[in-house]
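Some notes on the structure that comes next.
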There are 2 protein chains.
Amino acid sequence: MTTSVRAEKHTREQILDAATRLMHVSGYRGTSLDDVLRESGVGKGNFYYYFKSKEELGYAILDRIVRGFVERTLEPSFADPSRPPLDRIHRFLDGVLETQRQRNCVGGCPMGNLASELSDVHEGFRQRLAEIFTHWRERLTGALREAQSNGSLAPACDAGRLAQFLVASLEGAILMSKVTKEIQVMEMCVGELKAYLAHYTTGAPA
Amino acid sequence: MTTSVRAEKHTREQILDAATRLMHVSGYRGTSLDDVLRESGVGKGNFYYYFKSKEELGYAILDRIVRGFVERTLEPSFADPSRPPLDRIHRFLDGVLETQRQRNCVGGCPMGNLASELSDVHEGFRQRLAEIFTHWRERLTGALREAQSNGSLAPACDAGRLAQFLVASLEGAILMSKVTKEIQVMEMCVGELKAYLAHYTTGAPA
DNA sequence: TGGTCTGTACCAACCAGTCGGTACATACTT
DNA sequence: AAGTATGTACCGACTGGTTGGTACAGACCA
């Protein structure tokens with residue numbers, strides 16, 4: 001029993017690993033099942049034992065990508081309530097930049113890529129993606145509002161609006177560094193984003 | 001001769017029309033030659049008389065998209081030298097927003113889409129796209145510098161950097177409104193972009 | 001007549017998805 | 001303990017349909 005569960009996890013995970021890797025650079029349509037099978041060393045019949053279609057694989061990958069992003073980038077930046085809220089945002093921005101630097105500007109944002117590829121062509125994915133970006137935005141909105149009640153951010157500015165703008169600009173920055181293959185592009189954009197925040201920042205402490 | 005040129009233009013243009021329309025919503029890989037042929041009513045042999053491959057069609061479409069963008073959105077906003085440079089930028093931002101509104105948030109930015117889909121998978125397209133974004137950015141940089149020498153924009157800020165940021169943020173904004181299908185998202189982002197510019201704006205006239 | 005166009009039949013490669021069958025561990029009988 | 005049945009995990013050949021691309025015959029026009 002233990003072995004069977006282990007075995008299942010193993011194979012399924014192998015498929016997910018390979019597919020995530022491939023789809024990150026080639027996209028959903030650009031990655032064929034055969035590619036995934038070759039890369040993971042899993043047979044076709046076995047694949048369809050774990051996933052009932054390529055679409056389901058797509059959703060599983062998206063889930064996995066999101067979980068990774070939330071656990072490795074979003075939460076670590078926002079989880080600590082003792083840290084000043086604007087610090088948390090800065091740390092998050094740096095985290096996204098760092099991820100992109102490590103990837104050498106290859107792949108871009110997996111969520112952004114899928115959004116671009118599938119939003120107008122697959123309503124299910126579009127909705128899922130929209131939820132994800134909303135969650136992301138809300139995390140930022142929360143921190144910004146906290147900064148306002150805190151006194152470190154001007155109460156005049158619309159936190160939700162600002163958060164929306166931050167998410168959009170970050171996605172755009174990642175895309176632009178993916179096209180140019182120059183990390184400096186992202187550095188510039190993150191710098192501008194910080195500068196923008198600084199304009200609404202009052203000198204107040206946490 | 002006149003007729004033959006006309007005829008060529010006709011068929012070639014029909015193909016380009018259909019392909020541009022289809023690829024705008026379904027992407028490069030998501031649009032098959034047969035789709036294009038069906039939509040344009042052109043035979044296969046005829047297609048390969050005008051284009052030697054799907055790739056060449058892709059380049060032709062990209063050229064066409066760029067020309068359309070430059071002629072219909074970029075140049076009309078920046079061409080008039082009598083207009084104050086910051087006004088030109090505002091007009092440009094509004095133009096992009098309006099285009100997106102007219103499209104009901106469907107399709108997104110054709111250049112951004114291709115960039116996202118092909119940058120890591122097709123070096124030729126990546127380079128072409130990178131050039132395009134550079135040209136776009138330079139138009140903005142020029143206007144910003146003019147605003148600086150003009151006295152209406154703070155000389156402290158880096159025009160090139162700011163232009164890069166504007167392009168990236170716009171692309172991100174378009175993408176986000178494509179995912180959410182809400183034009184308000186773009187309105188917000190354009191609003192924030194204008195607010196950001198306003199921070200560096202001195203009250204000086206043109 | 002000779003180049004410019006165009007439609008049709010065709011191709012091999014590839015696509016997602018299905019199929020019949022195997023190996024093997026466990027559970028249920030008797 | 002032996003025999004039978006069941007569920008899980010796996011394989012690779014195969015299917016129908018689609019892909020980008022070619023071959024070629026004929027039509028149109030100069």
Side-chain angles (χ1 to χ4, degrees), chain A residues 1-62 114 117-118 121-125, chain B residues 1-62 114 117-118 121-125:
Chain A
M1 186 192 175
T2 321
T3 39
S4 82
V5 168
R6 175 107 54 93
E8 172 172 345
K9 267 235 158 79
H10 184 241
T11 302
R12 212 189 122 94
E13 220 61 19
Q14 264 183 317
I15 294 170
L16 249 17
D17 276 343
T20 306
R21 230 178 304 128
L22 290 172
M23 289 198 184
H24 190 190
V25 300
S26 302
Y28 180 76
R29 315 185 96 122
T31 304
S32 76
L33 245 25
D34 285 345
D35 291 336
V36 175
L37 268 19
R38 212 175 305 122
E39 180 94 354
S40 62
V42 173
K44 197 150 225 186
N46 200 12
F47 171 86
Y48 279 97
Y49 176 75
Y50 292 103
F51 302 93
K52 74 175 226 282
S53 65
K54 188 189 180 184
E55 187 182 329
E56 201 188 90
L57 171 66
Y59 280 113
I61 289 174
L62 187 49
L114 288 174
E117 188 183 356
L118 301 172
V121 113
H122 196 306
E123 176 62 15
F125 276 102
Chain B
M1 187 188 172
T2 321
T3 37
S4 82
V5 168
R6 175 109 53 96
E8 172 172 347
K9 268 236 159 78
H10 183 65
T11 303
R12 211 188 123 94
E13 221 61 20
Q14 264 182 319
I15 295 170
L16 248 16
D17 276 344
T20 306
R21 228 177 305 126
L22 290 171
M23 289 200 184
H24 191 189
V25 300
S26 300
Y28 180 76
R29 316 185 94 122
T31 304
S32 75
L33 245 23
D34 284 347
D35 290 337
V36 175
L37 268 20
R38 214 175 303 124
E39 180 92 355
S40 63
V42 172
K44 200 152 221 188
N46 203 7
F47 171 86
Y48 278 98
Y49 177 76
Y50 292 104
F51 301 94
K52 73 175 228 281
S53 66
K54 188 190 180 185
E55 187 183 329
E56 202 188 89
L57 171 66
Y59 280 113
I61 289 173
L62 187 48
L114 289 174
E117 187 183 356
L118 300 173
V121 114
H122 196 304
E123 176 63 13
F125 276 102

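Just so we're on the same page: letters track the sequence lines, and every chain starts at 1. Keep in mind the model is a prediction, meaning the values are calculated, not measured.
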Integer-rounded Å distance: C/dT4 P and B/F47 CZ: 20 Å
Measure up the B/H122 and B/Y59 rings against each other and bin them: parallel (under 30°), tilted (30 to 60°), perpendicular (over 60°). perpendicular
Please report the distance, rounded to the nearest Å, between CZ in A/R38 and C1' in D/dG12. 14 Å
Rounded to the Å, how far apart are A/D35 CG and C/dG17 C1'? 16 Å
Determine yes or no for a side-chain-to-main-chain donor-acceptor pair under 3.5 angstrom, with A/D35 supplying the side chain and A/S32 the backbone. yes
The nucleotide from C/dC5, D/dT22, C/dA16 with an atom nearest the side chain of B/K44 is D/dT22
Residue-phosphate contact under 4.0 Å: A/Y50 side-chain N/O, D/dC10 OP1/OP2: yes
Rounded to whole Å, the CD1-P distance (B/I15 to D/dG20) equals 14 Å
Using a 3.5 Å distance criterion without hydrogens, assess whether the side chain of A/K54 forms a donor-acceptor pair with backbone atoms of A/Y28. yes
Positive for side chain to side chain contact (heavy atoms under 4.5 Å, CB included) with B/E56, one of B/Y48, B/Y50, B/F51: B/F51
Please answer whether the main-chain N or O of B/G41 pairs with a side-chain N or O of B/Q14 as donor and acceptor at a distance below 3.5 Å. no
Find which nucleotide of DNA chain C each of A/R29 and B/V42 is nearest to by heavy atoms, and output the residue with the more 5' nucleotide. B/V42
OP1 or OP2 of C/dG7 sitting under 4.0 Å from any side-chain N/O of B/N46? yes
Using a cut-off of strictly less than 4.0 Å, decide whether B/T11 has a side-chain nitrogen or oxygen near OP1 or OP2 of C/dC5. no
Rounded off to whole Å, could you give me the CD-to-P distance for the B/Q14 and C/dC5 pair? 15 Å
Please determine if a side-chain N or O atom of A/S32 lies less than 4.0 Å away from the OP1 or OP2 oxygen of C/dC15. yes
Could you give the CZ-to-P distance, from A/F51 to D/dC10, as a whole number of Å? 12 Å
Contact under 4.0 Å: A/Y49 side-chain N or O vs D/dC10 OP1/OP2: no
Could you tell me how far apart A/Y48 (OH) and D/dC14 (P) are, to the nearest whole angstrom? 18 Å
Whole angstrom value for the distance that separates P of D/dG12 from CG of A/L33: 16 Å
